[in-house]
Amino acid sequence: MPRNIKIASLLTGKYCDQEVCARGWVRTRRDSKGLSFINLNDGSNQAGIQIVAEAGLENYGEALKLNVGASVEVLGKLVPSPAKGQPYEIQAKALRIFGNASGEEYPLQKKGHTLEFLREIAHLRPRTNTFGSVFRVRNTLAHAVHTFFQERGFMYVHTPIITASDAEGAGEMFRVTTLDLDRPPRTETGVVDFSHDFFGREVSLTVSGQLEGEIFATAFSEVYTFGPTFRAENSNTSRHLAEFWMVEPEMAFYDLGDTIDLAEAFLKYLISRCLEDRAEDLAFLQKYYNKELTTTLDHIVHSPFQRVSYTDAVEILEKSGQSFELPVSWGTDLHSEHERFLTEQHFKSPVVVVDYPREIKAFYMRQNDDDRTVAAMDVLFPKLGEVLGGSQREERYDRLLARLKELNLNEKNYWWYLDLRRFGTVPHAGFGLGLERFVQFVTGMGNIRDVIPFPRVPKNASF
RNA sequence: UCCCCAGUAGCUCAGUCGGUAGAGCAGAUGGCUGUUAACCAUCUUGUCCGUGGUUCGAGUCCGCGCUGGGGAGCCA
């Protein structure tokens, strides 16, 4: 008797008229006289499978007491369903109940719940239709990230979570310490003495794996990191998390154009995989959360990404005749409304803006010959704005050192980063993609807290 | 961090002029020969976010706090 076949596989019809076993959790139960219909879901798909239990079952009495949330195993014959609503169903011959769920106490009902309520029961929300779809899409995206890079010969490098470096000299970091917070050791001048801390120095949770990624790119040529990152910013928005996942490829011998080509292929691949492999989930999400979801995703896959320099983009915005909430002028960063105008109104496709003013970008970005811009790029999507950002890195030792000094960054903290430019330096580049923001885009979910299993935000780290 | 809004049954909400709280859904029980968030009948359910104040009397008015949501800034 076949076991361990997921419900999604059973519904392909491959096992029709065979004895099968399904295990999962009850989503709904409806009964008529002498007959009970159970919808069983094991997380492998959106629809679940219909179990038909008849009065002849040995434990039919118990079956009638099954509540939403109960865990069961069913043995029976997989047959085409005579009724509308599902292609196949299982005629139960034996039903094993692992654990019932109290109808009075189980918080999930056979009706819609608000996303805010479900956030409070993050241990149960994966069992809902919405979160089932969201997390299957998230998984498909994560898998596709690895597939995309591995197929191109990129090495997956595990950059550290605990780090002594600060990737951009900006952004609040979470300190990691084992010091006694009530009575920390202090130096003679009274400041906390981290030489007595676990690592003998101040360390924090990483805000980016990029700098360490560059180390490996200068040995393995093409690498990527994919892991959690942490920002202690007090941001209370639907687009920020204190803990989120980033994908950061880093490539030796790439210039900015090569990197844009890679980013475009990467984003299109990720979306294509979801459209192909998660059609049922996207259809569900489209129905309940974003009516234009698949249209938008299809559009991205089939549009060539337009490329425009920051300087030209500012000129387009200035000449557009649009009245923006915030003014546009050369030297300031583009705001969301500007990005959306470019991608939605002007180009009507994804846009890659390149060569930003050096003053608004990070120290490690490669300075262009005009001495006022750097080889940076942002990919803008309709309705979203910036989805991915990257740059060619400054590989010239003197230029990098001068830039560090210009920004009053302590070069001693970057000694190993500078060494990469002293020994066998090469042109190289990379980009970063915030996974959750992208999952938001692909699923149509409005709040980033609903696309990560256990969101960490200011004032809340439940579960 | 700033601005705005909200917090009443397990969930979603109503609650008039300040007079001690109600509906739908869920749940329980019974019915129904194939149901699709099944349907029909009956029944149960409250720290009105917390705290201080005004008042004869506060779910309702006022102050403070907590939590949640939307927007802004920052960013991914």
Side-chain angles (χ1 to χ4, degrees), chain A residues 27-39 47-55 64-65 67-69 79-87 89 91 101-121 124 128-129 167-168 170-172 206-210 227-248 288 325-326 333-337 339 360-362 378-379 381 384-390 431-441 446-452 455 457-460 462:
Chain A
R27 280 291 174 78
T28 65
R29 202 193 82 242
R30 300 171 287 272
D31 39 63
S32 296
K33 193 174 182 74
L35 199 59
S36 186
F37 300 95
I38 299 163
N39 181 272
I49 194 162
Q50 174 159 283
I51 310 299
V52 185
E54 296 189 20
L64 289 180
K65 288 179 183 151
N67 290 315
V68 178
V79 298
S81 178
K84 286 180 184 173
Q86 58 283 317
E89 63 187 29
Q91 291 175 333
S102 163
E104 286 178 337
E105 295 172 62
Y106 191 64
L108 297 174
Q109 306 165 8
K110 288 188 285 186
K111 62 168 227 162
H113 292 91
T114 61
L115 295 171
E116 290 81 7
F117 169 68
L118 293 172
R119 245 170 255 154
E120 295 170 8
I121 49 169
L124 298 172
T128 63
N129 288 331
E168 308 202 19
E172 290 293 313
T206 185
V207 294
S208 165
Q210 180 198 315
T229 51
F230 307 86
R231 306 276 168 92
E233 302 284 354
N234 189 15
S235 298
N236 294 286
T237 80
S238 58
R239 291 161 51 77
H240 289 84
L241 290 165
E243 177 181 304
F244 64 99
W245 286 63
M246 268 213 293
V247 181
E248 295 175 288
Y288 288 101
E325 296 278 322
L326 295 160
D333 216 346
L334 300 178
H335 286 89
S336 182
E337 57 177 332
E339 295 177 339
I360 61 173
K361 289 293 182 181
D378 281 349
V379 178
F381 272 11
L384 182 74
E386 181 185 340
V387 62
L388 177 154
F431 61 76
L433 174 77
L435 182 71
E436 285 75 15
R437 293 240 177 119
F438 198 65
V439 178
Q440 269 190 282
F441 181 73
N447 195 312
I448 201 165
R449 292 156 210 215
D450 298 326
V451 300
I452 189 168
V457 296
K459 301 282 168 68
N460 194 337
S462 308

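Letters A, B, ... mirror the listed sequences (proteins, then strands); counts begin at 1. Keep in mind the model is a prediction, meaning the values are calculated, not measured.
- Residue A/Gly34 is classed as having no contact, given no heavy-atom separation below 4.0 Å to the nucleic acid.
- With hydrogens and angles left out, the side chain of A/Gln109 and the base of B/G27 share no donor-acceptor pair within 3.5 Å.
- Screening A/Val451, A/Ile452, A/Asp450 against A/Val439 for a side-chain contact (heavy atoms from CB on, under 4.5 Å) leaves a single residue, A/Val451.
- Among B/G34, B/G69, B/C75, the nucleotide with an atom closest to any side-chain atom of A/Arg119 is B/G69.
- Once the 5.5 Å centre distance and the 30° plane angle are applied, the aromatic ring of A/Phe244 is found stacked with the base of B/A76.
- Within the 4.0 Å cut-off from OP1 or OP2 of B/U12, at least one side-chain nitrogen or oxygen of A/Thr114 is found.
- Base pairing of B/U16 is not made with any nucleotide, judged by Watson-Crick or G-U wobble geometry with both donor-acceptor distances under 3.5 Å.
- Pairing of B/C43, defined by two Watson-Crick or G-U wobble distances under 3.5 Å, is identified with B/G27.
- Contact annotation: A/Asn67 side-chain N/O to B/G27 OP1/OP2 distance is not under 4.0 Å.
- At the phosphate of B/C2, neither OP1 nor OP2 sits under 4.0 Å from any side-chain N or O atom of A/Asn236.
- Distances from the side chain of A/Arg231 to the nucleotides B/G69, B/G34, B/A76 place B/A76 closest.
- When each of A/Leu388 and A/Lys65 is assigned the nucleotide of RNA chain B with its nearest heavy atom, A/Lys65 is the one assigned upstream, toward the 5' end.
- Each of A/Thr28 and A/Ala242 lies near RNA chain B, and the nucleotide nearest A/Thr28 is the one positioned closer to the 5' end.
- Residue A/Arg449 places at least one side-chain N or O under 4.0 Å from the OP1 or OP2 atom of B/G69.
- With hydrogens and angles left out, the side chain of A/Glu233 and the base of B/G73 share no donor-acceptor pair within 3.5 Å.
- Proximity note for A/Glu116 (side chain, C-beta onward) versus B/U35, B/G73, B/G69: the nearest is B/G69.
- In this model, the phosphate group of B/A38 is approached by a side-chain N or O of A/Arg30 to a distance below 4.0 Å at OP1 or OP2.
- Rounded to an integer number of Å, the gap from A/Leu334 CG to B/C74 P is 12 Å.
- Judged by distance alone with a 3.5 Å cut-off, a donor-acceptor contact links the side chain of A/His240 to the base of B/C75.
- One P atom belongs to B/U47, the other to B/A21, and the distance between them is 14 Å to the nearest Å.
- With rounding to the nearest 0.5 Å, the separation of CZ in A/Arg449 from CG in A/Leu118 is 14.5 Å.
- The A/Glu104 side chain lies nearest to B/G27 when the options are B/C25, B/G27, B/G69.
- Between B/A38 and A/Arg29, no contact under 4.0 Å exists linking OP1 or OP2 to a side-chain N or O.
- For B/G34, the OP1/OP2 oxygens have a side-chain nitrogen or oxygen of A/Ser32 closer than 4.0 Å.
- Distance noted for atom P between B/G46 and B/A9: 11 Å (whole Å).
- Closest to the A/Ser81 side chain, of the nucleotides B/U35, B/A76, B/G73, is B/U35.
- B/U1: Watson-Crick or G-U partner is B/A72, with both key distances under 3.5 Å.
- At the heavy-atom level, A/Lys84 lies under 4.0 Å from base atoms of the strands shown.
- Using a 4.0 Å cut-off, some side-chain N or O of A/Lys110 falls inside it from OP1 or OP2 of B/A38.
- The side chain of A/Ser238 places an N or O atom within less than 4.0 Å of a non-bridging phosphate oxygen (OP1 or OP2) of B/G71.
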